[in-house]
Amino acid sequence: PKWVEFERKDERLEFHFLIDPAALSVARAECLRDPSQETGGIIVGHYSTDRKTAFVTAMQPPPQDSRKSRTLFVRGTKGLKSLLSRLWKE
């Protein structure tokens, strides 16, 4: 995929965050669903061998039993094990 890149660089740390555009679309849609509330979800990916780059290959909306409010998000666990097992095999 053509990655969307974010970078953090200062005197102590240099780190790259590359995200698949489809994954970014999932995150954006989740944020726009209810912008007055905190949100979260499941981020799937891997790190480079030197651990300086994170590759986000997929994002999933939060599990159905997640709780959210204006100032709080608690990720639920309903269906999470089967989702991660399926994504791990892909």
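If you're wondering where the values come from, they're calculated on a predicted model, not measured in any experiment.
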Next on the checklist: To check you understand the geometry: which heavy-atom pair defines the closest contact between Ser36 and Asp34, and what is its length?
Outcome noted: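 Shortest heavy-atom contact: OG-OD1, 2.8 Å.
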Next on the checklist: Is it the case that over 12 heavy atoms from other parts of the model lie below 6.0 angstrom from the CZ atom of Arg70?
Outcome noted: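 No, because the 6.0 Å sphere around CZ of Arg70 holds 12 heavy atoms or fewer from other groups.
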Next on the checklist: Within the supplied structure, the quantity of interest is the number of heavy atoms (other residues, nucleotides, ligands) at a distance under 6.0 Å from Gln64 CD; does it exceed 12?
Outcome noted: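 12 or below, so no.
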Could you tell me whether the side chain of [X] and the main chain of [Y] form a donor-acceptor pair under 3.5 Å?
| X | Y | answer |
| --- | --- | --- |
| Ser66 | Arg75 | no |
| Thr39 | Cys31 | no |
| Asp20 | Ala58 | no |

Do the non-hydrogen side-chain atoms of [X] and [Y] ever get within less than 4.5 Å of each other?
| X | Y | result |
| --- | --- | --- |
| Glu38 | Leu72 | no |
| Pro61 | Val26 | yes |
| His46 | Thr57 | yes |
| Glu30 | Pro62 | yes |
| Phe55 | Phe17 | no |
| Val44 | Val56 | no |
| Glu7 | Glu14 | yes |

Between [X] and [Y], is there a shared hydrophobic cluster once you connect ILVMFWY residues whose side-chain heavy atoms come closer than 4.5 Å?
| X | Y | answer |
| --- | --- | --- |
| Ile19 | Phe15 | no |
| Val4 | Met59 | yes |
| Leu18 | Leu24 | no |

Next on the checklist: Could you measure the distance from the CD atom of Gln60 to the CD1 atom of Ile42? Nearest 0.5 Å is fine.
Outcome noted: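 The CD1 atom of Ile42 is 8.0 Å from CD of Gln60, to the nearest 0.5 Å.
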Checklist entry - Please walk me through it: do Arg8 and Leu13 pass side chain to side chain contact (heavy atoms under 4.5 Å, CB included)? => result CA-CA 7 Å; Arg8 165 142 194 226; Leu13 177 69; 3.8 Å; yes
